[in-house]
Amino acid sequence: MNWEQLLSNKRLGQEGAPTRKDDRSEFQRDFDRLIFSAPFRRLQNKTQVFPLPGSVFVHNRLTHSLEVSSVGRSLGNDVSRLLLERHPELYATHLTELGSIVSAACLAHDLGNPPFGHSGERAIGTYFSEGNGQWLETYTCKETGDGLSAKQWQDLIHFEGNANAFRLLTHHFKGRRKGGFVMTYSTLASIVKYPFSSDLAGQKRKFGFFQSEAEDYKKIADELGIIRLDSPADTLRFVRYPLVYLVEAADDICYEIMDIEDAHKLKILTSDETKQALLAFFPADEQARLCERMQELDDVNEQVVYLRSVVIGRLEQECVRVFVENEDKILSGTFEGCLIDHIHPVQHDAYKACEKLAYGNIYHARTVVDIEIAGYKVMTQLLDVMVDAVTHSDKAYSKILLNRVSSQYDILAPTLYERIMAVLDYISGMTDVYALDVYRKLNGMSLPVV
C-alpha cells in the first residue's frame, strides 16, 4: 500500500461532487458532521463501563469518544510530522492531515454501540445464538417468503458495535441523503478494526461490516488500495487500513487509563492502588520526580489526574514510535498485533497490570455487573417484541408497535434480513434511558404523562 492512494478525501455517495472552497479540509468537515449529528449526541446517555452518574461523574460514551479523538489527533499529528521528515516528497499529499482523519474516526468509533455498554452488544448477539431468537435461523417469513442466508445469520449471532458504526455511517436510511453521512473514504476506512465479514468472526465474535455494507467496504478498499487477503469464495478479508492502528491505540490508551481514574473516583480502587498502577508506567528515577511533583498538589484527586495525564502522554509517544518504526510492515500488511503490544517493556508491563486490575476490580464490580444483568433483560424484551412485530406484521399489536418506530427505520422492508436489521438499527440507536423507558411502557409499568 502507498500513502498517495491510501489518503483520499473522496466522499462515499458523492464521488463526483466538487470540493468545497473554504478553510476547512474535507476531513475537518467529517469531524464537524459527526459532532453535530444526533447519533453522536445520544452517546451522552450511553454507558461506557460504569452506570450513568449519580453524585460522581464518570465517563459515558460521549466523553470517552471526545477524549479518544483528542489523543487520536495527537497520534496522527506526531506520526505525520515524523513520516514527512522521512518522505518530504509527500508534503503535497493528505499525509499532512493525518491528525484530522484520525480524530474524526475516533469520534465515530463508538457510534454503533447499543445501550448498556458491551453487555448490550453481547445481549443482541446471544439473543440470536442462544436466546429467544434462535428460531429465526430456519424461519421463512410469511410476508416476504424469504429467510436468512447463512452469511446473514452470522451477522446476527456475532452482532458487533464496530460493524454497526460502519453501517450507521454508510447505510442509506429512509429520509437521509444517499450514502449515509457521506464521509470521506479515508475516515470510513479508519474505523474498521476488523476488515473482514462476519462469517470469519470466529470465537472472538469480531468483524468489520455486515453483509448489507460489504460492497461499500469493498468499494472503499479498492479505491484506497487496501490489500485483499485470500479467503473462501464470496468472503471479504483485507489487511488493516494503516490509520486503524492509530484509532485503536487512542481507544486502548483512553479506556484503560480513564477506567482506572473512574474507579478511583467511585472508591473501587484506593488512592494508593491507583497511584501505584499509574507510577508503574515509569522507571524508578522518573517515579521519584513524579512523586515530588505530586506533592505540590494538595488534593488527591488532582494528584491522580496529574499522573493520568503523564501516563497518557508517555503511551502516546510510545505508540507513535512503534508506528513510525514499523511503517513498512504496516503498509505491506504484515504488522502483527496492535501498537500497544510493541511498546517499551516498562510501559507494556504496566499496561497489562492495569488490564488485570481492571478485570479483577472494575469490570466485575457489583454496579457494573448489575448494569449487565439489567441490560440483558431490557435488550431481550425489546428484541422479543420488535422481532415478533416485523415477522408477524399483520397482527393488531404488531401494527401498534411498528407505528411508534421512527420512519427512518425501514421496518417493513421487502426482505426478512432488512427487517431484522431495521430492528437492530432502532434498538441499538437507543440511549440507556430511552431503552429503559420503552421497556417499562411495553410491560405496562409506565404510562405517558400528558
Side-chain angles (χ1 to χ4, degrees), residues 1-11 23-35 40 64-111 162 165-166 169 183-193 195 220 224-226 239-255 257-258 309 312-331 335 338-343:
M1 297 182 284
N2 65 83
W3 290 115
E4 293 96 326
Q5 185 177 3
L6 284 167
L7 302 174
S8 170
N9 63 2
K10 183 182 291 186
R11 293 191 175 278
D23 291 336
R24 292 182 301 164
S25 72
E26 293 303 313
F27 308 116
Q28 290 168 335
R29 290 179 185 278
D30 284 348
F31 185 94
D32 294 345
R33 289 183 182 188
L34 291 162
I35 280 283
F40 185 75
H64 168 72
S65 296
L66 289 170
E67 288 168 349
V68 173
S69 182
S70 178
V71 174
R73 179 180 287 106
S74 295
L75 286 164
N77 285 339
D78 288 346
V79 166
S80 172
R81 173 176 51 81
L82 294 173
L83 290 183
L84 286 170
E85 290 176 2
R86 180 183 294 176
H87 308 293
E89 71 279 6
L90 295 178
Y91 265 102
T93 72
H94 294 300
L95 193 62
T96 58
E97 297 189 77
L98 289 195
S100 295
I101 300 171
V102 176
S103 64
C106 288
L107 210 60
H109 83 285
D110 268 353
L111 283 185
N162 188 248
F166 186 74
L169 293 175
M183 306 292 282
T184 61
Y185 279 45
S186 290
T187 297
L188 289 170
S190 297
I191 71 165
V192 182
K193 290 173 66 176
I220 292 169
L224 301 181
I226 302 173
V239 303
R240 273 185 163 188
Y241 181 67
L243 300 191
V244 168
Y245 289 103
L246 298 180
V247 174
E248 179 183 51
D251 189 27
D252 288 347
I253 291 170
C254 287
Y255 83 73
I257 305 307
M258 299 312 300
S309 67
I312 289 178
R314 179 58 56 86
L315 288 173
E316 189 270 344
Q317 294 169 5
E318 277 295 297
C319 288
V320 168
R321 178 187 62 79
V322 172
F323 187 97
V324 173
E325 289 180 358
N326 290 277
E327 179 193 7
D328 290 342
K329 288 184 178 179
I330 289 171
L331 291 178
F335 183 76
C338 60
L339 298 182
I340 290 287
D341 291 338
H342 300 271
I343 61 177

**Message:** Does E97 form a side-chain hydrogen bond (donor to acceptor under 3.5 Å, both in side chains) with S25? I'd like the steps, not just the answer.
**Reply:** CA-CA 8 Å; E97 297 189 77; S25 72; 2.6 Å; yes
**Message:** Pair E67, H64 - check side-chain hydrogen bond (donor to acceptor under 3.5 Å, both in side chains), show working.
**Reply:** CA-CA 5 Å; E67 288 168 349; H64 168 72; 5.3 Å; no
**Request:** Take I330 and M1 through the test side-chain contact (heavy atoms from CB on, under 4.5 Å) and record every step on the way to the result.
**Result:** CA-CA 9 Å; I330 289 171; M1 297 182 284; 5.8 Å; no
**Worked check of salt bridge (charged side-chain N to carboxylate O under 4.0 Å, His left out) between R81 and D78** = CA-CA 5 Å; R81 173 176 51 81; D78 288 346; 3.7 Å; yes
**Request:** In sequence, state the C-alpha distance, the side-chain angles, and the governing distance for T184 and D30, and then conclude on side-chain hydrogen bond (donor to acceptor under 3.5 Å, both in side chains).
**Result:** CA-CA 7 Å; T184 61; D30 284 348; 2.5 Å; yes
**Request:** Take L331 and W3 through the side-chain contact (heavy atoms from CB on, under 4.5 Å) test and state the conclusion after the steps.
**Result:** CA-CA 8 Å; L331 291 178; W3 290 115; 3.7 Å; yes
**Prompt:** Can you list the steps and then say if L66 with F40 is a side-chain contact (heavy atoms from CB on, under 4.5 Å)?
**Reply:** CA-CA 10 Å; L66 289 170; F40 185 75; 3.8 Å; yes
**Request:** Go through the steps to decide whether C319 and L75 satisfy the test side-chain contact (heavy atoms from CB on, under 4.5 Å), and finish with yes or no.
**Result:** CA-CA 8 Å; C319 288; L75 286 164; 3.9 Å; yes
**Asked** Yes or no on salt bridge (charged side-chain N to carboxylate O under 4.0 Å, His left out) for E26 and K10, after CA distance, side-chain angles and deciding distance?
**Response** CA-CA 8 Å; E26 293 303 313; K10 183 182 291 186; over 6 Å; no
**Trace of the salt bridge (charged side-chain N to carboxylate O under 4.0 Å, His left out) decision for R314 with E318** = CA-CA 6 Å; R314 179 58 56 86; E318 277 295 297; over 6 Å; no
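Two residues are said to be in side-chain contact when any heavy atoms from C-beta on lie closer than 4.5 Å; V102 and S190 fail this criterion. No side-chain heavy atom of I253 sits under 4.5 Å from any side-chain heavy atom of V68. Under the 4.5 Å side-chain criterion, counting only non-hydrogen atoms from C-beta, I220 is not in contact with Y241. Annotation: side chain of L90 is in contact with side chain of E4 (closest heavy-atom distance under 4.5 Å).
Distance CG/L34 to CZ/R29: 14.0 Å, rounded to 0.5 Å. The distance from the CG atom of L82 to the NE2 atom of H87 is 11.0 Å, given to the nearest 0.5 Å. Here the CG-OG distance, from L107 to S65, works out to 6.5 Å after rounding to the nearest 0.5 Å. The CD1 atom of I101 sits 14.0 Å away from the CZ atom of F31 when rounded to the nearest 0.5 Å. Taken to the nearest 0.5 Å, the OH atom of Y245 stands 6.5 Å off from the CZ atom of F335. Here the straight-line distance linking atom CD of E316 with atom CG of L246 works out to 9.5 Å at 0.5 Å rounding.
Stacking of R11 on the aromatic ring of Y185 is not recorded, the 6.0 Å distance cut-off and the 45° axial limit not both being met.
Smallest separation of non-hydrogen atoms from L95 and S80: O-OG, 2.7 Å. The two residues A189 and L224 come nearest to each other via the heavy atoms CB-CD1, 3.7 Å. Across all non-hydrogen atoms, the minimal contact from L98 to G76 is CB-O, 3.4 Å. Counting all heavy atoms, side chain and backbone alike, N77 lies closest to G99 at OD1-CA, 3.3 Å. Nearest approach of A108 to A165, heavy atoms of both residues: O-CB, 4.0 Å. Pairing each heavy atom of V192 with each of V244, the nearest pair is O-CG2, 3.4 Å.
In this structure a side-chain-to-backbone donor-acceptor pair under 3.5 Å is present from S186 to S8. Side chain of N326 to backbone of V322: a donor-acceptor contact under 3.5 angstrom is found. In this structure a side-chain-to-backbone donor-acceptor pair under 3.5 Å is present from S69 to S103. A donor-acceptor contact shorter than 3.5 Å links the side chain of R240 to the backbone of K193.
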